[in-house]
Amino acid sequence: MPELPEVETLCRQLKTILPGEEILRIEILDARLGTIEGLVGRRVEAVKRRGKFLQICISGGLTAELHLRMSGRLFWQKGGVPPFPSYSRLVIAFPAGTLILIDPRRFATFTVQPVSSAPALVEDPLGGLSARRLREIARTRRRPVKSFLMDQRLIAGIGNIYACEILFAAGIDPRRPSSGLSPAEWRKVAKMSVAILERAVACRGTTVSDWRDLFGCSGTNQDHLAVYARQGEICRRCGGKIERITQGGRGTWFCPSCQQ
DNA sequence: TATAATGTTAGACT
DNA sequence: AAGTCTAACATTAT
């Protein structure tokens, strides 16, 4: 569910609440999450984001790393007592309230002292992407540019919705081999990536089905989607018809007439 | 009932 | 060897 803008939204909201708070209690409601040790009694020092990971830095040099995967959400509940929402999988109680991980599909992960995975080649597309760097990384890769943009080892944070929207904004066919884009095309991709992601952050994310922010509110970026989930509808730029294809097992939406 | 859903990754290919 | 592709994970909604 959440991509960079959604995780950034949660991160900004948590920053207003958690720093300085003591962890009073942790309840694991889904055994898939494993055990979580060493956090109770410690204090939150900072909240950060890396790609789609949310990092909670804890006193004593610990870091808890949360990944929401497909259906994870975070919800802030004022009181610390049940009932918790459906599909609550993890509860972390603080003096100010309770942080709840809601996750129907149970793919989310929460780890302490993570074996911090290697950073992406492009650490974070917010605040500037180098077109030359993208082109350099793409030079030896022939796979479709859409799956290139979504590869977290290469660029941190872009997922299915924003990959589709970025390529529409850049006017590039998602099936094009990455190595075949011209310097001018990479400039467009770089520029549009930043623009699309920044607008989504400003809109507190995209709510097409179940995304909600920390306080249960929908985002508003769905109002700006040009292609995602719009198959059969009219392209607002050229009047053509938006199509859906499958790439790497995921849906891709694009306008064949204005994305070349 | 079959399909698709905002993600990642192990293992099999090339 | 590095790059690429597929299936699998678990559950709900259409």
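Computed from a predicted model, the values in this text were never measured in an experiment. Residue numbers start from 1 in every chain, and the chains themselves are labelled A, B, ... in the order their sequence lines are given, proteins ahead of strands.
Distances shorter than 4.0 Å separate some side-chain N or O of A/Arg143 from OP1 or OP2 on C/dT4. Contact check, A/Ser71 against B/dA5: no side-chain N or O comes under 4.0 Å of OP1 or OP2. At least one side-chain nitrogen or oxygen of A/Arg244 sits closer than 4.0 Å to the OP1 or OP2 atom of B/dA5.
Residue-level contact check: A/Tyr87 touches the backbone only, with heavy atoms under 4.0 Å from sugar-phosphate atoms and none from bases. Base contact: A/Ser209 has a heavy atom under 4.0 Å from a base atom. A/Gly249 comes within 4.0 angstrom of no nucleic acid atom, judged by non-hydrogen atoms across all strands. Residue A/Arg73 is classed as having no contact, given no heavy-atom separation below 4.0 Å to the nucleic acid. Using a 4.0 Å heavy-atom cutoff across all strands shown, A/Gly251 reaches sugar-phosphate atoms only and no base atom. Among the atoms of the strands shown, base atoms are found under 4.0 Å from some heavy atom of A/Pro2.
In terms of polar N and O atoms assigned as donor or acceptor, the side chain of A/Arg105 comes within less than 3.5 Å of the base of C/dA10 in a complementary pairing. For B/dA5, the base has no donor-acceptor partner in the side chain of A/Arg250 [N/O atoms by modelled type, under 3.5 angstrom].
The aromatic ring of A/Phe107 is not stacked on the base of C/dA10, since the criterion of ring centres less than 5.5 Å apart with planes inclined by under 30° is not met.
Nearest heavy-atom pair across A/Phe148 and A/Ser178 is CB-OG, 3.3 Å.
Counting only heavy atoms from C-beta outward, the side chains of A/Asn221 and A/Tyr162 approach each other to under 4.5 Å.
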